[in-house]
There are 2 protein chains.
Amino acid sequence: MKLTSKGRYAVMALVDLARFDNINPVSLRDISLRQGISLDYLEQIFSKLKKNEIVKSIRGTQGGYVLNKNPNDIKLTNIFHAVDEKVKTVQCKKESKKGCNGKATKCITHNLWDELEIHINTFFENKSLKDLLNNNKDTRV
Amino acid sequence: MKLTSKGRYAVMALVDLARFDNINPVSLRDISLRQGISLDYLEQIFSKLKKNEIVKSIRGTQGGYVLNKNPNDIKLTNIFHAVDEKVKTVQCKKESKKGCNGKATKCITHNLWDELEIHINTFFENKSLKDLLNNNKDTRV
DNA sequence: TCTAAACTTGACCATTTTGGTCAGGTATGT
DNA sequence: ACATACCTGACCAAAATGGTCAAGTTTAGA
């Protein structure tokens with residue numbers, strides 16, 4: 001059970017962005033340098049963040065990215081959703097008429113995995129970008 | 001972020017085992033049939049569970065596996081640990097002298113991932129095999 | 001004592017996912 | 001016009017996943 005780097009990088013980059021974008025648009029190049037994430041990879045990630053209206057892009061010289069919402073309104077849930085970081089505990093397809101094993105009924109531990117998913121998602125829903133900013137005031141990179 | 005099938009299968013198999021082992025040792029073949037998990041794969045999993053003293057094996061005809069502890073004392077944590085299902089949110093090595101990015105300091109979101117790990121592990125520590133047995137009394141497979 | 005049931009071990013492998021790179025664009029401020 | 005920065009999509013190596021296969025060893029019971 002692990003977090004993919006896409007999810008991690010997305011959050012790191014957004015925290016970085018949030019710290020600077022009230023002055024100027026922030027270029028991916030800067031984020032790349034500060035956070036040690038490959039520029040090409042960042043572009044993939046920001047393309048998705050933009051589609052999900054988490055950031056806005058400003059093209060041209062001196063361009064870059066800006067947050068599209070208040071940091072308080074950007075939850076981890078939104079970020080992860082944007083970059084396809086899903087919490088996936090069960091194989092069982094929900095749409096499927098059949099049960100989890102190809103049998104008629106729900107698999108023996110189905111309720112457990114559902115609970116776990118909810119438990120994790122709750123964490124993500126209650127955490128906003130703003131929380132992370134405050135959290136890092138003292139221990140800046 | 002997803003659960004591996006090894007972890008899921010381990011829990012499913014143990015719940016199955018716990019339901020029957022007070023009568024006789026339970027053969028992997030039976031579990032395989034009931035839960036729809038490949039026998040060969042189950043053998044890999046039970047080998048690990050045995051090393052971690054979660055189950056005992058009884059060889060020979062009419063043999064099989066038995067729980068080695070009270071269901072109440074087998075936490076999900078123990079099971080996952082046995083089959084190497086780890087909760088891994090951070091790349092950063094804890095032993096490393098250096099920081100997370102190869103830089104000197106902790107990465108910008110380090111605290112967040114630590115929190116998340118704790119959040120998930122807490123869930124696993126508070127859940128025992130016994131909880132799952134009760135949970136399934138009504139919705140048996 | 002023979003044999004079948006069941007555990008034991010370890011090698012092997014195809015597929016998928018991950019974590020990117022590379023090579024081209026296109027838009028825009030100066 | 002040109003440098004800066006966004007944009008897009010193809011491509012790829014390596015690792016993890018989710019197993020299978022083969023060849024044992026042990027023991028209960030006929």
Side-chain angles (χ1 to χ4, degrees), chain A residues 1-13 17 20-21 24-52 54-66 68 80 83-91 101, chain B residues 1-13 17 20-21 24-33 35-52 54-66 68 80 83-92 101:
Chain A
M1 173 145 236
K2 70 175 186 203
L3 207 62
T4 67
S5 73
K6 212 161 243 168
R8 264 189 304 116
Y9 286 172
V11 176
M12 286 171 67
L17 180 61
F20 294 101
D21 80 335
N24 280 316
V26 180
S27 72
L28 293 190
R29 196 173 143 280
D30 286 355
I31 297 180
S32 166
L33 289 174
R34 276 195 295 260
Q35 301 302 326
I37 305 169
S38 124
L39 177 59
D40 287 315
Y41 203 27
L42 273 180
E43 282 176 348
Q44 277 184 46
I45 292 170
F46 272 76
S47 158
K48 297 184 182 203
L49 292 176
K50 190 188 170 186
K51 272 184 198 137
N52 282 265
I54 293 171
V55 296
K56 275 185 300 193
S57 69
I58 293 157
R59 306 186 74 152
T61 318
Q62 302 302 324
Y65 284 94
V66 188
N68 197 16
F80 284 152
V83 298
D84 296 315
E85 172 90 53
K86 292 182 269 256
V87 177
K88 206 161 167 35
T89 57
V90 208
Q91 210 69 8
N101 308 324
Chain B
M1 173 145 235
K2 71 177 186 200
L3 209 61
T4 67
S5 73
K6 214 160 242 169
R8 265 189 302 116
Y9 286 171
V11 176
M12 287 172 65
L17 180 61
F20 295 102
D21 80 336
N24 279 317
V26 181
S27 74
L28 293 190
R29 195 173 144 279
D30 287 355
I31 297 179
S32 166
L33 289 173
Q35 301 301 327
I37 304 170
S38 125
L39 179 57
D40 286 314
Y41 203 27
L42 273 180
E43 284 175 347
Q44 280 184 43
I45 292 169
F46 271 77
S47 157
K48 296 183 182 204
L49 293 176
K50 191 188 167 188
K51 273 184 198 137
N52 282 264
I54 291 170
V55 297
K56 274 184 301 194
S57 70
I58 293 157
R59 306 186 73 151
T61 320
Q62 301 303 325
Y65 285 93
V66 189
N68 198 16
F80 283 152
V83 298
D84 296 314
E85 173 90 52
K86 292 182 269 255
V87 176
K88 206 160 166 37
T89 56
V90 206
Q91 210 68 7
C92 340
N101 307 325

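As the structure is a prediction and not an experimental result, all values here were calculated from the model. Order of the sequence lines fixes the chain letters, A, B, ..., with proteins taken first and strands second; residue numbering starts at 1 for each chain. The figures here come from the full heavy-atom set of this structure, side chains too, leaving out hydrogens, waters and symmetry mates.
Between B:Tyr41 and D:dT17 there is no side-chain polar atom (N or O) within less than 4.0 angstrom of OP1 or OP2. Dashed line: the shortest gap from a side-chain N or O of B:Lys50 to OP1 or OP2 of C:dT8 is under 4.0 Å. B:Ser57 has a side-chain polar atom (N or O) that falls below the 4.0 Å cut-off from OP1 or OP2 of C:dT8. Taking side-chain N and O atoms only, B:Tyr9 has no distance below 4.0 Å to OP1 or OP2 of D:dT17. The phosphate of C:dT21 (OP1 or OP2) has a side-chain N or O of A:Ser38 nearer than 4.0 angstrom.
Annotation: of the two residues near DNA chain D, A:Met1 and A:Val26, the 5′-most nearest-nucleotide partner is A:Val26.
If you check distances only, the side chain of B:Gln44 never reaches the base of C:dT8 with a donor-acceptor pair under 3.5 Å. In this model, no side-chain donor or acceptor of B:Glu43 finds a partner on the base of D:dT20 within 3.5 Å. A donor N or O paired with an acceptor N or O is found under 3.5 Å between the base of C:dT26 and the side-chain atoms of A:Arg59.
At a threshold of 4.0 Å, the pair A:Lys48-A:Asp84 counts as salt-bridged, since one of the basic side-chain nitrogens sits closer than that to a carboxylate oxygen.
Atoms CG (A:Asn24) and P (D:dA5) sit 11 Å apart, rounded to a whole Å. Atom CD1 of B:Ile45 and atom C1' of D:dG18 are 10 Å apart (whole Å).
Between B:Met12 and B:Ile31, the closest side-chain pair of non-hydrogen atoms is not below 4.5 Å.
For A:Leu28, the listed nucleotide lying nearest its side chain is D:dC6; candidates were D:dC6, C:dA23, C:dG20. With distances taken from any side-chain atom of A:Ser27 to the nucleotides D:dA22, D:dC6, D:dT17, the minimum falls on D:dC6.
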